[in-house]
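Along the sequence shown, residues are numbered consecutively beginning with 1.
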Amino acid sequence: MLFRTFLALVLAVFAVAQPPAKRAPALPAASLAEAVQAHQAGNFDIAIVKYRSFLKANPKSVEARSNLGAALARQGRFEEAIPEYKAALKLAPANPGIALNLALAHYKLGDIPEAARELGTLRALTPDQPQVTLLLADCWLRMGENAKVIALLTPIQDRAPDDLALAYLLGSALVRDKRVDEGQRVLNKIFEKGDTAESRLLMGTSKLGISDFAGALVDLEKAVEMNPQLPSANSFLGQARMATGDATGALDSFRKELTINPSDYDSNLNIGVILRQDKEFTDAMKYLSTALRVRPSDVRVRYQIATIDLSEGRVDQARQSLEQLIKEVPSYTEAHVSLATAYYRLKRKEDGDRERAIVEKLNAEAQTKQPKGDVIR
């Protein structure tokens, strides 16, 4: 396989429940053995019942607690699995397998910042585990922490020259950090493999980065045609379609991406933007809330939420959010426009006039620069 996707990596970890180590429990061993047998046979409902029954009398069983978390995770019940992994880690703090499963549960749930935190802690204990390193880099890339990805992977790239997953993460981070030439050299390792879905994805994202939206559209459509399940391909295709005015096609692409990766930041954000523009505020908030979980401090998703608050009459709440945004990003023209609207609705004409003056000044300054599109990346 030319490119090891992270979805496959994650699913592989959950594919087989590890049996507990042999030890003498307080109850007959058959109680735990039956749970493990059901677990390994794929009878997760039965396994969960038996693990919980065993734990009532043996609450300090690390094996049962961890395996209960794994069984819940196999059913997609990550919110229930997380407390079980945490309880197991309290009993066995140095167990890297449990720590990895906890991080992956957060990852699969879409809580990328928490997954990154857990993986960072785990990597300090197991610095030579490539799986942990790559997953941590993937989390940081999803969070927009490009500098962290570069610092993490640059020192080890020479030790793994044929690792295309590492090349993809490092090259993508370099390109997004505006270090295009360096990123291109790293990404060439993938291009050298020929005309693949992965190479098309990289060419398409590179063209997006230089606003060649028509060219990006061709490459990204080809990438999706070659591999419809390639992570991020549908998300970038949606961005290209959005940039070329195809909002309906963009929405379809973003939704397809979420069937592969429900926590994809760009897809959640852009679906939220499209739905907000269509005044479907309740549904828009669901997607924007997911995007906010992935990148809690991102000004773009916070701005979208503030505009929904403004539209739905929560004017003072919107005002507070917008004031904080322009404090962080004084040149955020759209936020100044919305804040002026909020002030006028609150009968604060002087403040509204001040914001309008700031908008006029920012617009005048922008005339000498390349105008920014409305596409959110």
Side-chain angles (χ1 to χ4, degrees), residues 6-7 9-127 129 131-136 138-140 142-143 262-263 289-290 293-294 296:
F6 287 98
L7 181 63
L9 187 63
V10 171
L11 292 177
V13 173
F14 286 115
V16 180
Q18 295 299 315
K22 294 181 179 180
R23 56 184 285 184
L27 290 183
S31 299
L32 186 54
E34 289 172 2
V36 173
Q37 184 178 15
H39 191 158
Q40 292 179 328
N43 299 320
F44 301 117
D45 286 330
I46 295 173
I48 289 168
V49 170
K50 290 185 177 293
Y51 282 134
R52 284 177 169 162
S53 177
F54 180 82
L55 284 166
K56 286 180 180 179
N58 300 266
K60 293 186 178 181
S61 170
V62 175
E63 297 82 7
R65 188 73 65 185
S66 175
N67 276 23
L68 173 57
L72 290 165
R74 284 300 303 268
Q75 291 192 323
R77 296 159 65 179
F78 301 109
E79 289 182 334
E80 296 176 67
I82 286 171
E84 303 302 334
Y85 288 137
K86 287 183 175 179
L89 276 177
K90 285 184 179 179
L91 297 168
N95 189 308
I98 300 172
L100 178 58
N101 279 346
L102 173 60
L104 286 168
H106 283 295
Y107 183 99
K108 293 289 285 183
L109 190 61
D111 189 353
I112 303 302
E114 188 63 21
R117 191 186 71 81
E118 295 291 347
L119 288 164
T121 300
L122 178 58
R123 188 173 185 276
L125 299 173
T126 58
Q129 265 289 347
Q131 181 187 37
V132 173
T133 299
L134 292 177
L135 279 170
L136 178 58
D138 182 48
C139 287
W140 282 342
R142 291 174 189 272
M143 294 166 63
S263 64
S289 296
T290 299
R293 281 204 308 272
V294 177

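Between Y107 and D138, the closest side-chain pair of non-hydrogen atoms falls below 4.5 Å. L100 is listed as a side-chain neighbour of Q131, based on a closest heavy-atom distance under 4.5 Å. A 4.5 Å side-chain heavy-atom check between W140 and I112 finds every atom pair outside the cut-off.
Interatomic distance, CZ of R74 versus CZ of F44, reported as 3.5 Å (0.5 Å rounding). Interatomic distance, CG of L72 versus CD of E79, reported as 11.5 Å (0.5 Å rounding). The structure places CD1 of I48 at 11.5 Å from CG of N67, a figure rounded to the nearest 0.5 Å. Taking OG1 of T133 as the start and CZ of R123 as the end, the distance is 4.0 Å to the nearest 0.5 Å. Here the CZ atom belonging to R117 is positioned 12.5 Å from the SG atom belonging to C139, to the nearest 0.5 angstrom. The CG atom of N95 lies 11.5 Å from the CG atom of L102; values are rounded to the nearest 0.5 Å.
Pairs engaging residues 38-50 under the salt bridge (charged side-chain N to carboxylate O under 4.0 Å, His left out) rule: E34-K50 [sequence neighbours left out].
Nearest heavy atom pair, residue F78 against residue A105, reads CB-O, 3.8 Å. Closest heavy-atom contact between A92 and V62: CB-CG1, 3.9 Å. Closest non-hydrogen pair, L119 versus V132, comes out as O-CG1, 3.8 Å. Nearest heavy atoms, A115 versus A103: CB-O, 3.5 Å. Looking at every heavy atom in both residues, L136 comes nearest to A116 through CD1-O, 3.5 Å.
Applying the 6.0 Å contact sphere to CD of Q129 captures more than 12 heavy atoms from other residues, nucleotides or ligands.
The backbone N or O of L122 sits less than 3.5 Å from a side-chain atom of T126, completing a donor-acceptor pair.
Residues passing the side-chain contact (heavy atoms from CB on, under 4.5 Å) test with L55, sequence neighbours excluded: S61, A64, R65, L68.
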- Query: Between I82 and D111, is a side chain to side chain contact (heavy atoms under 4.5 Å, CB included) present by the stated rule, with each step listed?
  - Reply: CA-CA 11 Å; I82 286 171; D111 189 353; over 6 Å; no
- Full working for side chain to side chain contact (heavy atoms under 4.5 Å, CB included) between E84 and Y51: CA-CA 11 Å; E84 303 302 334; Y51 282 134; over 6 Å; no
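Here R52 pairs with E80 in a salt bridge; the nearest charged N to carboxylate O distance falls below 4.0 Å.
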